[in-house]
Trainee: 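Okay, here's the structure, questions in a sec.
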Amino acid sequence: MSGSENVQLTSRELDVLQYVAMGRSAKETAIELNIAPCTVERHVENVRLKTRTRNRAHMIAYVIREGLLTERSN
């Protein structure tokens with residue numbers, strides 16, 4: 001896969017990715033961000049489609065490798 005120059009993620013997608021990368025469920029993420037779990041799933045799916053990745057693990061590995069998501073200390 002080529003670089004991330006064409007991948008544009010919204011700030012909310014990045015918020016959701018932070019929680020997914022920490023292993024949080026859609027329900028846990030939804031509670032933290034005060035949104036519905038189905039909205040969390042929609043953001044995850046949108047990122048997966050934008051990054052053309054196969055699943056959540058591949059998506060997280062991709063966004064970290066491409067510098068779209070940085071590790072945070074929590």
Side-chain angles (χ1 to χ4, degrees):
M1 173 155 262
S2 63
S4 63
E5 61 275 354
N6 294 327
V7 177
Q8 297 291 320
L9 302 180
T10 66
S11 61
R12 182 55 96 182
E13 288 168 344
L14 291 170
D15 291 342
V16 168
L17 281 176
Q18 288 286 353
Y19 288 100
V20 172
M22 292 187 295
R24 301 281 176 84
S25 69
K27 184 176 180 180
E28 292 168 327
T29 300
I31 290 168
E32 291 291 328
L33 297 176
N34 199 30
I35 58 178
C38 62
T39 304
V40 171
E41 292 294 349
R42 175 52 49 202
H43 286 308
V44 169
E45 184 64 11
N46 286 343
V47 173
R48 197 187 63 71
L49 291 171
K50 286 179 180 182
T51 58
R52 299 188 334 194
T53 51
R54 294 181 295 276
N55 53 45
R56 283 181 185 226
H58 186 212
M59 176 187 69
I60 294 300
Y62 176 85
V63 297
I64 290 172
R65 183 180 66 245
E66 296 297 324
L68 297 171
L69 181 68
T70 57
E71 296 180 57
R72 76 182 202 188
S73 56
N74 275 23

Trainee: When clusters are formed by joining ILVMFWY residues with side-chain heavy atoms under 4.5 Å apart, either directly or through shared neighbours, do M22 and V63 land in the same one?
Mentor: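 Both belong to a single hydrophobic cluster.
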Trainee: Using modelled atom types only, decide if a donor and an acceptor are shared between the side chain of K50 and the backbone of Q8 within a distance under 3.5 Å.
Mentor: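 A pair under 3.5 Å: yes.
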Trainee: Out of curiosity, I35 CD1 to H43 NE2, how far, rounded to the nearest 0.5 Å?
Mentor: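 One finds 4.5 Å between CD1 of I35 and NE2 of H43.
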Trainee: Return the set of residues passing side-chain hydrogen bond (donor to acceptor under 3.5 Å, both in side chains) with R42 (not counting sequence neighbours), or none when no residue passes.
Mentor: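 Applying side-chain hydrogen bond (donor to acceptor under 3.5 Å, both in side chains) to R42 gives none.
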Trainee: Would I31 and V40 show up in the same hydrophobic cluster when neighbours are defined by side-chain heavy atoms closer than 4.5 Å?
Mentor: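 No; V40 is not reachable from I31 via cluster members.
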Trainee: As an exercise, state the distance from CG of L33 to CD of E28, rounded to the nearest 0.5 Å.
Mentor: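 Nearest 0.5 Å value for the CG-CD distance: 12.0 Å.
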Trainee: Tell me every residue that passes salt bridge (charged side-chain N to carboxylate O under 4.0 Å, His left out) with R24, counting only those two or more places apart in sequence or in another chain.
Mentor: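 Here no residue qualifies.
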Trainee: In Å and rounded to the nearest 0.5 Å, what is the OG1 to OH distance from T53 to Y62?
Mentor: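 Rounded to the nearest 0.5 Å, the OG1-OH separation comes out at 8.5 Å.
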Trainee: Which value, rounded to the nearest 0.5 Å, describes the distance between E41 atom CD and K27 atom NZ?
Mentor: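 Going from the CD atom of E41 to the NZ atom of K27 covers 13.0 Å.
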Trainee: Can you see which heavy atom on A36 is nearest to which on A30, and at what distance?
Mentor: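 Of all heavy-atom pairs spanning A36 and A30, the closest is C-CB, 3.7 Å.
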Trainee: Output the distance between atom CD (Q18) and atom CD1 (I60), rounded to the nearest 0.5 Å.
Mentor: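 Nearest 0.5 Å value for the CD-CD1 distance: 8.5 Å.
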Trainee: What are the two closest heavy atoms between V16 and V44, and how far apart are they?
Mentor: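 Closest heavy-atom pair between V16 and V44: CG1-CG2, 3.8 Å.
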Trainee: With rounding to the nearest 0.5 Å, note down the distance linking CG in D15 to CG in L9.
Mentor: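 Here the interatomic distance stands at 11.0 Å.
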Trainee: Which residues satisfy the side-chain hydrogen bond (donor to acceptor under 3.5 Å, both in side chains) test with E45, sequence neighbours excluded?
Mentor: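 E45 satisfies side-chain hydrogen bond (donor to acceptor under 3.5 Å, both in side chains) with R48 once adjacent residues are dropped.
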Trainee: Does the side chain of E66 come within less than 4.5 Å of V7's, by heavy atoms?
Mentor: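 A side-chain contact is absent here, since even the closest heavy-atom pair is not under 4.5 Å.
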